[in-house]
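For reference, the structure is listed below as structure tokens.
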Amino acid sequence: ETYYAAIVERISDVGVSVRKRVIHILHDCIRSSSVDFKHGVEALRFLAFRILDDDVGIQELVTRIFRELWFSRPAVPARRAGAEAADPVAERAEQLVAVLWEVYCGVSRVGYAKLPLLSTFPIVAILRRVVFPSDEDAAADEARGDSTETVSTARRLCGAILNGMLSQEEAEALEEADEKDETNETNVSSFPRAVRYALGLHVFCATDPRLCVAEGNPLAFAAALHPYVKRAENTSANSLQLQCCISVVDAVVKESGCLSAATASEMEKDLRFLLLRNTFHGVLYYASRCVCSVAEIAAAGDRKVASGALQICRRFVKLLEEVSERTELSASERAHVSRALFVLGHLARFGADTLEASREDAVSPGNLLRLFRRFLQRAGVAEFDLKRGALQACGFLFVARPQLMLCPKGGFGKGSMDGIMRAALGSSAERNLKEQALLNLDEYLREEETRALIQASDDADAREGAAVAAV
């Protein structure tokens, strides 16, 4: 305790041996039950960030520490007279959520990270290396006999986090409303504990969606989280919880590939309400993505009613058609158009196949591009944000349909890029439009890289399967 601050300060020392020694000291303090160590969660936060260390040895050391801490076989808890034995998995889940929240609040200057969490987020990086190790690490795990237990342990941890969130929701529901009103909804540190557990579910989903699919009941997580999608409060805390819950529901729906017509209809109704009423872009992003996933799964069945994605797309297309011819828009109309452009862009990105399958010209990718161009051509100073929103929507559409970004008359070279991107990247274009055009290209290249990696993985699996069949 006396030297803790001085020791932690050296965890970023330029010397690799110094950093390793500090990590070993913190690890000894954390796992020593005889020492009353009050900085356990904070120390684990410092250790978690070292997974991004330049030294591979330190990365492996951090991975081993967290594997031992959260994924080792728990000891049988001592049963005290008159008291229930503590659940070691629940205790580990509680610690994981506490460390995750500290890391989440420390990765950004604004006090929180933007969802979805990337593979470089420390806890996601640690979980991926532990649960899905490299070939060399996997061979070492097999030698210890740990490989078969790790994934099942991760699923148990994920289930314990879900149970923890539900328990926190029940406890918070019993609190008086006036006590809740006193909390600062914009301060991340004052968010309800249920939000932190929801973030824990999102972390496992970002690690691998299959961890959120229960073996006995694939839709268990989606069914448990669906009631929380119905919440309509436009607060920062509810926004974060909504994003986490919808991300898990979306992943489970995709992975399970099965959804009853009644469940799909109910989910789509709740997601449509969010798309029309919620003001947070993160919620609109996940709601758009999930409503497209539900539509894709439901399309496989005998469905006579238009999907929620198609219904909301028709509504926003109609809105844009009505206001696009007006010379000036009111503040309220600009707000509605901004929402429509954002949602339509994401519906085009994640649901282009669904929109094309409807065979309706009004919602086809080509017609959506035509609508987006109309708002790019608006010249009002007060409507500049709409121009940038329209360019962003074009970028989302280009991710799903890259051929629309190319001009067939241009051949190969400067003329081959669509006029939208050429104009946005031109020397006379506004700086903000150039930035958005570059963001569009960055998003497109990231998506193409992901597709290439998936294709390479599928090809490798196919070759391995063919080799086994040949033997």
Q) Who pairs with Arg451 by salt bridge (charged side-chain N to carboxylate O under 4.0 Å, His left out), at least two apart in sequence or on another chain? A) Glu448

Q) Do Leu44 and Val41 come within less than 4.5 Å of each other through their side chains, counting heavy atoms only? A) no

Q) Does Glu94 pair with Arg196 as a salt bridge, N-O distance under 4.0 Å? A) no

Q | Residues Arg431, Glu435: salt bridge by 4.0 Å N-O rule | A | yes

Q) Counting distance only, does the side-chain N/O of Ser72 pair as donor-acceptor with the main-chain N or O of Leu69 below 3.5 Å? A) no

Q: Taking atom types as modelled, find out whether Ser260 and Thr263 have a side-chain donor-acceptor pair closer than 3.5 angstrom.
A: yes

Q: Spell out, as yes or no, whether a donor-acceptor pair under 3.5 Å connects the side chain of Gln168 to the backbone of Ala194.
A: no

(Q) Test of understanding: with ring-ring contact (aromatic ring centres under 6.0 Å, His included), list the residues that count as partners of His346, not counting sequence neighbours. (A) Tyr285, Phe342, Phe396

Q | Side-chain donor/acceptor of Arg67 to backbone N/O of Val130, under 3.5 Å | A | no

Q. Are Glu443 and Arg349 close enough for a salt bridge, meaning some N to O gap below 4.0 Å?
A. yes

Q) Under the side-chain contact (heavy atoms from CB on, under 4.5 Å) test, which residues partner Leu276, sequence neighbours left out? A) Ile312, Arg315, Phe316

Q: Report the distance from atom CG of Leu225 to atom CG of Leu242, rounding to the nearest 0.5 Å.
A: 11.0 Å

Q. How many angstroms lie between CD in Gln241 and CG in Leu199, if you round to the nearest 0.5 Å?
A. 10.5 Å

Q: Measure across Ser247 and His202 and return the closest heavy-atom pair with its distance rounded to 0.1 Å.
A: OG-ND1, 3.0 Å

Q: Starting at OG of Ser239, measure out to NE2 of His281 and round the result to the nearest 0.5 Å.
A: 11.0 Å

(Q) Can you tell whether the side chains of Arg388 and Glu430 come within less than 4.0 Å, N to carboxylate O? (A) no

Q.
If the condition is salt bridge (charged side-chain N to carboxylate O under 4.0 Å, His left out), which residues does Asp53 pass it with, not counting sequence neighbours?
A. Arg19, Arg50

Q. Listed by chain and number, what are the side-chain contact (heavy atoms from CB on, under 4.5 Å) partners of Arg210, not counting sequence neighbours?
A. Phe132, Arg155, Asp208, Glu255

Q | Sole candidate of Arg289, Met267, Lys254 that passes side-chain contact (heavy atoms from CB on, under 4.5 Å) when paired with Val294 | A | Met267

Q. Do you know which two heavy atoms are closest between Lys434 and Ala429, and how far apart they sit?
A. CE-O, 3.5 Å

**Q.** Lys269: partners by side chain to side chain donor-acceptor pair (under 3.5 Å), with sequence neighbours left out
**A.** none

**Q.** Donor-acceptor under 3.5 Å (Asn440 side chain, Leu391 main chain)
**A.** yes

Q: Name all residues meeting the salt bridge (charged side-chain N to carboxylate O under 4.0 Å, His left out) criterion together with Glu9; count only those two or more places apart in sequence or in a different chain, and write none if there are none.
A: none

Q.
With rounding to the nearest 0.5 angstrom, report the CG to CZ distance, Leu115 to Phe121.
A. 9.0 Å

Q: List the steps, then state whether side chain to side chain donor-acceptor pair (under 3.5 Å) holds for Tyr4 with Glu42.
A: CA-CA 11 Å; Tyr4 172 75; Glu42 183 185 38; 2.9 Å; yes

Q) Of the non-hydrogen atoms in Leu157 and Phe204, which two are nearest, and what is the gap between them? A) CB-CZ, 3.9 Å

Q. Looking only at heavy atoms, what is the nearest atom pair of Ala390 and Leu376, with distance?
A. CB-CG, 3.9 Å

Q: Before giving the answer on side-chain contact (heavy atoms from CB on, under 4.5 Å), spell out for Leu26 and Val8 the whole-Å C-alpha distance, their side-chain angles and the decisive distance to 0.1 Å.
A: CA-CA 8 Å; Leu26 293 178; Val8 165; 4.2 Å; yes

Q. Restricting to pairs with a member in residues 47-74, which pass ring pair (Phe, Tyr, Trp, His ring centres under 6.0 Å), not counting sequence neighbours?
A. Phe66-Trp70

**Q.** Approximate separation, where rounding is to 0.5 Å, of Ile51 CD1 and Thr63 OG1
**A.** 3.5 Å

Q: Just jot down the side-chain contact (heavy atoms from CB on, under 4.5 Å) partners of Arg21, sequence neighbours excluded, or say none.
A: His24, Ile25

Q. Which heavy-atom pair separates Ser307 from Thr354 by the least distance, and what is that distance?
A. OG-CG2, 4.0 Å

Could you list the donor-acceptor pairs under 3.5 angstrom formed between side-chain atoms of residues 160-167 and any protein atom two or more places apart in sequence or on another chain?
unit_1	atom_1	unit_2	atom_2	d
Asn163	ND2	Gly159	O	3.3
Ser167	OG	Asn163	O	2.9

**Q.** Shortest non-hydrogen contact between Ser256 and Leu219, atoms and distance
**A.** OG-CD2, 3.3 Å

Q: Name all residues meeting the salt bridge (charged side-chain N to carboxylate O under 4.0 Å, His left out) criterion together with Asp55; count only those two or more places apart in sequence or in a different chain, and write none if there are none.
A: none

Q) Hey, does the side chain of Ser338 reach the backbone of Arg334 with a donor-acceptor pair shorter than 3.5 angstrom? A) no

Q. Does Thr279 have any side-chain contact (heavy atoms from CB on, under 4.5 Å) partners at least two apart in sequence or in another chain, and if so, which?
A. Asn234, Arg339

Q: Taking only Lys NZ, Arg NE, NH1 and NH2, and the carboxylate oxygens of Asp or Glu, determine whether Asp87 and Arg92 approach each other closer than 4.0 Å.
A: no

Q. What is the distance from atom CD1 of Ile7 to atom CD1 of Ile23, rounded to the nearest 0.5 Å?
A. 13.0 Å

Q: Indicate yes or no for a side-chain donor-acceptor contact from Glu172 to the backbone of Arg193 under 3.5 Å, with no hydrogens or angles considered.
A: yes

